[in-house]
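A note on names: the letters A, B, ... follow the listed sequences, proteins ahead of strands, and every chain is numbered from 1. Note that these values count all heavy atoms, side chains included, but never hydrogens, waters or copies made by symmetry.
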Amino acid sequence: MDVSQIIDELNPAQRQAVSSTDQHLLVLAGAGSGKTRVLVHRIAWLVRAQRISPHALLAVTFTNKASREMRERIQHLLGVSPQGMWIGTFHGLAHRLLKAHWQDAGLSENFQILDADDQLRLIKRVYTTLGIDPERWPHRQAQWYINSQKDEGLRAGHIQPTSDPFTSAMLQVYRGYEEACQRGGVVDFGELLLRAHELWLNKPDLLHHYQQRFAHILVDEFQDTNAIQYAWLRLLAGGGATVTAVGDDDQSIYGWRGARIENIQNFVRDFGDVQTVRLEQNYRSTATILNAANAMIARNVGRMGKTLWTAGQDGEPISLYAGFNEQDEARFVAERIEDWTTQGNSRHSAAILYRSNAQSRVLEEALLRAQIPYHIHGGHRFYERLEIRNALAYLRLLVNPNDDAAFERVINTPTRGIGDKTLQQIREQARQRRVSLWQAAEHTLPQLAGRAANAVDGFQQLVTSLRDETVDLTLGEIAEHMLQRTGLLEFHRLEKGERGQTRVENLGELITACQGFEVQDITQPPLPQFLDEAALDAGDRQAERDEDAVQLMTLHSAKGLEFPLVFMVGMEENLFPHKLSSEEPGRLEEERRLCYVGITRAMQKLYMTFAEVRRLYGGENYNPVSRFVRDIPAQLVQEVRLSGSVTRPTTYAKNAPRKGMRGKGNSDSGADTGLGLGQQVQHKVFGEGVVLNFEGNGAHARVQVNFHKAGSKWLVLQYANLQPL
DNA sequence: AAGGCAAATGTTTTT
DNA sequence: CATTTGCCTT
């Protein structure tokens with residue numbers, strides 16, 4: 001391909017960024033300004049025009065999704081995959097380094113990654129060992145403390161002991177936790193970054209090697225980097241590499257989890273010789289929407305400064321609706337979506353954005369009532385489900401029996417008569433001998449009662465023989481065999497009713513995932529690689545499902561997405577800006593950026609809604625309209641009071657059976673079934689529920705039912721034998 | 001070891 | 001209000 005092709009289709013600012021030859025480059029990329037495009041084209045330009053080997057390029061993102069997208073687009077643009085280039089998340093790249101240099105990093109070869117859940121369990125254990133009272137300092141607080149310290153690049157040893165009882169308790173826990181991790185050969189997310197940084201600090205030769213290798217470092221979402229990530233980048237770039245940082249200070253919404261917006265300003269100061277390019281032309285939204293966003297964000301101080309503009313139309317005004325209460329608000333949204341789809345638009349082109357997850361409920365109920373299929377983003381992901389985590393724990397033990405978190409999780413799952421007392425003894429033994437639980441278990445055997453000793457011994461033999469039996473098997477076979485031999489499959493199958501079935505299905509999906517897994521390194525066994533991927537990429541894989549449904553999500557998770565029609569609901573003081581964030585000026589500014597993110601998601605039409613009365617936590621709240629709404633120039637906003645809308649507060653009896661709904665000709669409703677969306681149904685095991693969704697037709701038709709007791713489930717229509725109520 | 005009850009506790013989330 | 005947690009009982 002021709003070099004000019006990489007450049008020609010860009011606007012002047014984009015072109016300037018892509019072909020910058022200054023030492024460093026800061027791209028301030030406004031929402032919808034072609035940020036990823038610039039990044040991808042710059043990489044292509046470096047390879048094609050500058051003749052830089054992909055081997056000398058490193059591109060780092062924040063999420064797996066972003067790095068996948070970047071890889072695909074580079075491949076698309078270059079026509080070939082960029083062999084030798086490092087593309088990944090901060091955590092992914094750190095992991096790659098630690099795997100390659102595990103000895104220099106002071107890790108065991110098969111170190112495992114601890115996720116948030118296992119981390120909390122481990123912390124609980126440390127509490128018990130140290131005799132710290134979780135009533136006084138909740139476990140979660142310690143978890144938060146440890147993670148924040150790691151985000152800042154601080155180990156327990158770096159922190160000055162104080163007389164402050166909180167700090168000294170937290171420090172004690174931090175220390176004990178560090179030891180437990182080291183002993184178990186596990187590493188949490190923060191530790192990946194911290195260790196990768198220390199690896200380079202401690203091994204200058206290694207650092208030098210990587211500094212020499214990477215001539216260009218490209219960073220996406222730079223405003224989201226935390227202290228340790230920034231330090232890591234500085235170290236790597238210290239050998240003269242060129243850094244391209246792409247970000248938007250106005251979209252920094254993760255300060256509360258360690259992201260440092262000031263890294264953008266510091267970049268110019270710390271790196272010197274930085275060319276700054278602003279991408280301000282927006283290709284997403286109408287001028288009205290952009291003007292609203294610009295006006296709102298202008299209230300923040302200390303910005304790098306940026307004003308979005310478009311060559312496109314003004315578009316429709318922003319509609320503001322004052323609901324009488326949250327029910328009315330939700331009803332309004334549902335009606336507007338009905339109008340939208342009636343006009344021939346798809347449902348998935350509409351999104352409802354809210355500040356906190358709790359708000360989704362009323363909206364769901366309204367959509368259900370209106371028979372509008374919806375999809376909620378967020379919630380449990382595949383690898384976070386209990387049964388999957390149990391299965392993974394067994395697999396982890398196969399790789400590394402000293403993994404205490406895995407050991408604790410499954411020593412009595414399925415139940416095999418190992419109670420708390422036995423476990424306590426093993427823990428005590430482990431503490432005394434400073435060994436892993438697995439090792440301690442062997443030492444504890446003699447002092448256990450016959451039955452308990454048998455059970456523990458049986459467990460260890462199970463794991464050991466499982467390891468022997470699976471050496472020559474493929475990953476899929478290992479998973480399948482493990483599920484059988486451990487009895488996990490049976491255990492979950494026998495779980496009462498509803499849950500069991502889903503869990504067995506999920507375990508089946510796990511086997512499928514194992515079968516389809518592609519190893520990174522063919523010289524290494526697949527299992528550890530699979531476990532690493534499971535830990536580092538919680539797999540939004542099934543979000544790809546392309547049912548035509550309205551998208552519901554928090555403002556945070558909407559970042560990076562765009563929708564023709566957007567609703568920002570709950571535009572009320574105390575809700576948004578959230579009460580807990582409206583006190584401090586800094587946090588309020590972050591809320592405002594969140595609002596900016598929300599507004600700039602909208603392509604054609606934006607609705608903002610609020611409720612005059614909102615039931616929350618039992619009480620009635622009369623929140624004033626959000627200050628953010630008042631920040632938008634009045635001429636851009638149209639206040640809505642549709643004729644035919646309710647003139648008094650409406651309340652709906654929850655789950656009340658509705659009349660006249662059966663057999664309505666909804667195209668998605670599997671017309672011959674007698675069931676429609678929103679239909680109340682009865683299932684002989686799960687009880688009563690409401691039909692949420694349909695999928696497929698004929699013998700393959702499946703129906704999603706939200707059971708009052710059992711929660712939401714997908715059933716095969718053919719077998720479900722649902723009775724309409 | 002599972003189920004039931006009382007008490008606490010209510011942002012945002014990736015890796 | 002409603003969900004989740006943890007303690008207590010069978």
Side-chain angles (χ1 to χ4, degrees), chain A residues 60-67 88-96 113-120 124 134-135 138-140 144 147 150-151 187-194 196 220-221 224-226 228-229 252-259 326 353-362 377-381 383-384 412-423 455 491 494-496 532-540 553-560 570 574-583 587 590-591 593-595 597-598 614-621 654 711:
Chain A
V60 60
T61 65
F62 222 69
T63 65
N64 289 295
K65 192 177 163 204
S67 80
T89 62
F90 278 100
H91 293 86
L93 296 181
H95 179 251
R96 184 168 176 175
I113 300 162
L114 207 62
D115 68 17
D117 198 62
D118 283 331
Q119 183 184 40
L120 190 62
K124 285 180 181 168
E135 298 274 282
H139 296 125
R140 294 207 167 272
W144 182 84
N147 290 336
K150 289 192 175 187
D151 281 346
V187 158
D188 62 38
F189 292 127
E191 185 74 21
L192 286 168
L193 303 175
L194 197 47
D220 191 18
E221 303 279 15
D224 284 339
T225 53
N226 63 27
I228 188 72
Q229 287 160 337
S252 165
I253 55 174
Y254 288 112
W256 52 275
R257 67 175 198 211
E326 74 277 5
L353 311 182
Y354 36 80
R355 173 69 238 263
S356 61
N357 288 307
Q359 288 171 257
S360 73
R361 232 176 115 149
V362 200
H377 291 243
H380 318 238
R381 280 176 312 225
Y383 289 116
E384 284 171 4
N412 202 30
T413 310
T415 46
R416 49 172 69 85
I418 299 171
D420 218 37
K421 199 159 148 269
T422 309
L423 201 49
F491 176 73
L494 293 177
E495 260 184 310
K496 59 169 203 167
D532 289 336
E533 186 174 296
L536 283 174
D537 186 359
D540 268 340
M553 68 192 85
T554 62
L555 287 156
H556 280 91
S557 37
K559 194 175 121 189
N574 300 322
L575 219 68
F576 190 34
H578 197 277
K579 186 155 63 209
L580 299 173
S581 297
S582 50
E583 313 288 320
R587 305 192 72 188
E590 184 157 307
E591 293 281 304
R593 292 193 291 268
L594 189 56
C595 187
V597 166
R614 184 175 295 270
R615 288 201 159 276
L616 198 64
Y617 308 147
E620 286 188 328
N621 300 67
K654 198 183 148 197

To the nearest Å, how far apart are [X] [atom1] and [N] [atom2]?
X: A:Phe90; N: B:dT13; atom1: CZ; atom2: C1'; result: 17 Å
X: A:Leu120; N: B:dT13; atom1: CG; atom2: P; result: 18 Å
X: A:Leu423; N: B:dA1; atom1: CG; atom2: P; result: 11 Å
X: A:Glu326; N: C:dC1; atom1: CD; atom2: C1'; result: 11 Å

Is the distance from OP1 or OP2 of [N] to the nearest side-chain N or O of [X] less than 4.0 Å?
X: A:Tyr617; N: B:dT11; value: yes
X: A:Thr89; N: B:dT15; value: no
X: A:Arg361; N: C:dT3; value: yes
X: A:Asn64; N: B:dT14; value: no
X: A:Asn412; N: B:dA1; value: yes
X: A:Ser581; N: B:dT12; value: no
X: A:Asn147; N: B:dT13; value: no
X: A:Arg416; N: B:dA1; value: no

Would you indicate what [X] reaches in the nucleic acid, counting non-hydrogen atoms under 4.0 angstrom: base, sugar-phosphate, or nothing?
X: A:Arg615; result: nothing
X: A:Phe62; result: sugar-phosphate
X: A:Asn357; result: sugar-phosphate
X: A:Glu590; result: nothing
X: A:Arg614; result: nothing

For A:Leu536 and for A:Gly419, find the nucleotide of DNA chain B with the closest heavy atom, then tell me which residue's nucleotide is more 5'.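 Per heavy-atom nearest nucleotide, the more 5' residue is A:Gly419.
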Comparing A:His578 with A:Asp420, nearest DNA chain B nucleotide closer to 5' gives the residue A:Asp420
Evaluate whether the aromatic ring of A:Tyr254 and the six-membered ring of the B:dT13 base sit under 5.5 Å apart, centre to centre, with an inclination under 30°.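 It does not: the two rings, one from A:Tyr254 and one from B:dT13, miss the stacking criterion.
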For a quick test of reading the model, state the closest non-hydrogen atom pair linking A:His556 to A:Ile253 and the distance between them. NE2-O, 3.3 Å
Check every atom of B:dT15, B:dT13, B:dT11 against the side chain of A:Glu591 and return the nucleotide holding the closest atom.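 Ranking B:dT15, B:dT13, B:dT11 by closest atom to the A:Glu591 side chain puts B:dT11 first.
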If I pick the P atom on B:dT12 and the same atom on C:dT5, what distance separates them, to the nearest angstrom? 14 Å
Distance, C1' atom - from B:dT13 to C:dA2, rounded to whole angstrom: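 My reading of the C1' atoms in C:dA2 and B:dT13 gives 23 Å.
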Measure the shortest side-chain to side-chain distance between A:Leu192 and A:Phe90 over non-hydrogen atoms and say whether it is less than 4.5 angstrom. no
Tell me whether [X] is salt-bridged to [Y], with the criterion being a basic N under 4.0 Å from an acidic carboxylate O.
X: A:Arg381; Y: A:Glu384; result: yes
X: A:Glu620; Y: A:Arg615; result: yes
X: A:Asp224; Y: A:Lys559; result: yes

Between A:Asp151 and A:Gln229: side-chain donor-acceptor atoms closer than 3.5 Å: no
